[in-house]
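Contents: one structure, followed by commentary.
The structure displayed is predicted, hence computed values, not measured ones.
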Amino acid sequence: MTQRSEPPGAAPADAAAPSFHTLPDIARRFRRLAAGIGADAFALFLLGPLAEGGRLLPAMDSDYPGLSELSRTLPARLPRRFGQQAILAGTPLAWAGAAPRAAVPALAGWSETVETAAATPGFALPLSTERGRPGVVVFCGAALRLAPDALFDLHAACHGLFAVVAGLRPAEDGAAPDMSKRERECLKMTANGHTSEEIAQRLGLSVHTANQYLANTTQKLNAVNRVHAVAKALRAGLID
């Protein structure tokens with residue numbers, strides 16, 4: 001039997017009908033979608049309230065269950081009201097980065113242009129659940145390619161996957177874990193790449209105490225390790 005090949009940038013045939021029920025499965029699916037359009041990375045964000053500008057809260061990315069550099073840095077490089085723009089526009093938002101051309105030629109006429117400080121071309125697809133919970137998925141890469149007729153399939157696939165992610169994260173809509181100032185400081189410094197020794201030195205603590213604070217945050221966030229704790233804290237808005 002001859003296997004049907006797909007043109008570059010085409011969405012997989014089952015893209016609009018995801019049947020995934022765990023976050024690792026969904027992360028793998030997003031990686032496949034990213035690879036199919038030549039993206040180097042993807043990042044999925046939940047969006048905060050419209051009245052607060054639609055703050056981007058990292059939910060998952062190419063480094064899941066860790067947190068990639070894209071999730072860490074992109075929100076600061078996008079316009080301040082990017083999330084709000086995504087909620088209101090409902091259409092793809094694209095940027096060319098340092099490239100002297102459109103980010104994705106196939107999006108011409110289908111997207112709004114965004115001025116960013118990001119060096120890599122990319123585009124974002126606004127997402128929402130049936131209950132109206134907003135989100136956005138970002139794909140970035142110097143060799144992005146997307147066939148015009150594949151855009152709708154890609155967007156539909158991302159909508160379906162986002163609905164599952166949002167459904168698996170009900171706790172993040174509730175009360176945040178109770179953390180001390182020191183615990184937040186240690187976690188934020190970990191997010192910025194500092195080691196326990198560096199944290200202890202900067203905060204005037206012993207290494208043992210710094211590690212204890214980090215162990216506390218990992219336990220309170222029900223995380224498997226420090227990296228996972230940082231990712232969950234960022235998603236919940238506990239640190240920035």
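Here the side chains of Leu23 and Val165 are in contact, with some heavy-atom distance below 4.5 Å. Residues Pro134 and Phe162 form no side-chain contact, since every pair of their non-hydrogen atoms from C-beta on lies 4.5 Å or further apart. Residues Leu70 and Ser62 have side chains not in contact (no heavy-atom distance under 4.5 Å, counting atoms from C-beta outward). For the pair Phe45 and Asp61, the minimum side-chain heavy-atom distance is 4.5 Å or more. Residues Lys220 and Thr217 form no side-chain contact, since every pair of their non-hydrogen atoms from C-beta on lies 4.5 Å or further apart. Side-chain contact between Arg182 and Thr209 is absent, with no heavy atoms from C-beta onward closer than 4.5 Å.
Here the closest heavy-atom approach between residue Asp40 and residue Ala142 is recorded as OD2-N, 3.6 Å. Across Ala124 and Phe82, no two heavy atoms sit closer than the pair CB-CZ, 3.7 Å. Here the closest heavy-atom approach between residue Val138 and residue Leu74 is recorded as CG1-CD2, 3.6 Å. Between Gln85 and Leu93, the shortest heavy-atom contact is NE2-CD2, 3.9 Å. Taking all atoms of both residues into account, the shortest heavy-atom contact from Cys140 to Trp95 is SG-CZ2, 4.0 Å.
Looking at Arg226, its side chain never comes within 3.5 Å of a backbone N or O of Thr218 through a donor-acceptor pair.
Atom CG of Asn216 and atom CD of Glu183 lie 4.5 Å apart (nearest 0.5 Å). How far CZ of Phe123 is from CG of Leu144: 6.0 Å, rounded to the nearest 0.5 Å. To the nearest 0.5 Å, atoms SG (Cys158) and CZ (Phe139) are separated by 4.0 Å. Separation of atoms NE2 (His155) and CG (Leu33) is listed at 12.0 Å; rounding is to 0.5 Å. Atom-to-atom distance recorded for Glu197:CD and Leu205:CG is 12.5 Å, nearest 0.5 angstrom. The line from CG of Leu214 to CG of Leu187 is 6.5 Å long, rounded to the nearest 0.5 Å.
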Which is it for Ser196 and Tyr213 under the side-chain contact (heavy atoms from CB on, under 4.5 Å) test, yes or no, and what are the steps along the way?
CA-CA 10 Å; Ser196 295; Tyr213 280 132; over 6 Å; no
Passes side-chain contact (heavy atoms from CB on, under 4.5 Å), Ile26 versus Leu44? Steps please.
CA-CA 11 Å; Ile26 294 170; Leu44 179 68; 5.8 Å; no
Using salt bridge (Lys or Arg N to Asp or Glu O under 4.0 Å), reason through Glu185 and Lys188 one step at a time and then give a plain yes or no.
CA-CA 5 Å; Glu185 287 175 337; Lys188 184 172 182 177; over 6 Å; no
Please test Leu161 against Leu127 for side-chain contact (heavy atoms from CB on, under 4.5 Å), starting from the C-alpha separation and ending with a verdict.
CA-CA 10 Å; Leu161 294 170; Leu127 306 170; over 6 Å; no
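A single hydrophobic cluster is not seen to contain both Leu67 and Val227; linkage of ILVMFWY side chains at heavy-atom distances under 4.5 Å, directly or through other members, places them apart.
At most 12 heavy atoms of other shown residues, nucleotides or ligands fall within 6.0 angstrom of atom CD in Gln201.
By the side chain to side chain donor-acceptor pair (under 3.5 Å) test, Arg72 pairs with no residue at all, sequence neighbours left out. Remark: Arg28 pairs with Asp25 by the salt bridge (Lys or Arg N to Asp or Glu O under 4.0 Å) rule, at least two apart or across chains.
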